[in-house]
Amino acid sequence: MPPRLGGALAGTEPLFELPLPTPAERSALARAIAEMEAAGQGPPVATIDLAIGKLALAFPPVKQSEAAATARLALYREALADLPADILAEAVAACIRRCRFFPTVAEIRESARSPLALREWQLGRLRMLAWRHDRESQANMQGDVQ
């Protein structure tokens with residue numbers, strides 16, 4: 001993110017008071033949006049397995065059959081597959097600090113709610129800033145034509 005536009009992610013300045021991006025900054029803005037969108041994709045199965053493995057190490061073992069353990073892992077994989085990898089890791093760490101027993105899917109997702117909302121809010125601000133640049137550029141080009 002260009003330093004001049006750093007307030008867009010931080011939210012320290014009202015969005016329409018941020019300086020309009022230059023064409024070079026608009027390119028950097030497009031890259032930042034693409035990176036955030038890519039980070040928002042669900043993690044690979046191995047990442048989910050690692051997160052569940054950390055939880056298994058952090059909490060007392062649950063007595064269950066091999067079939068039940070396999071089914072439980074499959075359920076967690078399916079239920080957490082839409083969370084970005086970094087947010088899943090953050091949610092798991094929060095559950096390890098907060099929960100007394102192996103967390104449910106709902107507890108993990110609850111721990112991910114605020115980081116997910118923040119990411120969506122930041123992505124919305126970046127998209128709006130890019131839209132402002134595109135709108136102003138188009139208006140300037142139309143003014144040049146007249």
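In this text, all values refer to a predicted model and were calculated from it rather than measured experimentally.
- Residues L75 and V45 fall into different hydrophobic clusters, defined by Ile, Leu, Val, Met, Phe, Trp and Tyr side chains chained together at heavy-atom separations under 4.5 Å.
- Crowding of R98 atom CZ: a count of heavy atoms from other residues, nucleotides or ligands under 6.0 Å exceeding 12.
- The two atoms that bring P115 and A112 nearest to each other are CD-O, 3.2 Å, heavy atoms only.
- The minimum heavy-atom distance linking L83 with R109 is given by the pair CG-NH1, 3.8 Å.
- Both L126 and M128 belong to a common hydrophobic cluster when Ile, Leu, Val, Met, Phe, Trp and Tyr are linked at side-chain heavy-atom distances under 4.5 angstrom.
- Between V92 and I52, the closest side-chain pair of non-hydrogen atoms is not below 4.5 Å.
- In terms of heavy atoms, P21 sits closest to L29 at CG-CD2, 4.0 Å.
- The two residues P84 and A39 come nearest to each other via the heavy atoms CB-O, 2.9 Å.
- Under the 6.0 Å distance and 45° angle rule, R72 counts as a cation-pi partner of F102.
- L129 contributes atom CG, which lies 10.0 Å from atom CG of D134 (distance to the nearest 0.5 angstrom).
- Distance check, rounded to the nearest 0.5 Å: OG1 of T22 to NE2 of H133 gives 7.0 Å.
- Annotation: the span from R97 atom CZ to S111 atom OG amounts to 8.5 Å, rounded to 0.5 Å.
- Within the 4.5 Å cutoff, the side chain of Y76 has no heavy atoms near those of the D49 side chain.
- With rounding to the nearest 0.5 angstrom, the CG atom of L116 is 9.5 Å from the CD atom of E90.
- One finds the CG atom of L50 at 9.0 Å from the CG atom of L88 (value rounded to the nearest 0.5 Å).
- Between the CZ atom of R113 and the CG atom of L118 there is a distance of 13.5 Å, given to the nearest 0.5 Å.
- T70 contributes a side-chain N or O that, together with a main-chain N or O of E66, makes up a donor-acceptor pair within less than 3.5 Å.
- By the criterion of side-chain heavy atoms lying less than 4.5 angstrom apart, applied directly or through intervening Ile, Leu, Val, Met, Phe, Trp or Tyr residues, L73 is grouped together with L55 in one hydrophobic cluster.
- Heavy-atom minimum distance, P103 versus F59: CD-CE1, 3.6 Å.
- Side-chain atoms of D86 and R119, non-hydrogen and from C-beta on, do get closer than 4.5 Å to each other.
- Other residues, nucleotides and ligands contribute more than 12 heavy atoms inside 6.0 Å of the CD atom of E37.
- There is no path of hydrophobic side-chain contacts, each under 4.5 Å, that joins I48 to L57.
- At least one donor-acceptor pair closer than 3.5 Å links the side chain of E107 to the backbone N or O of T104.
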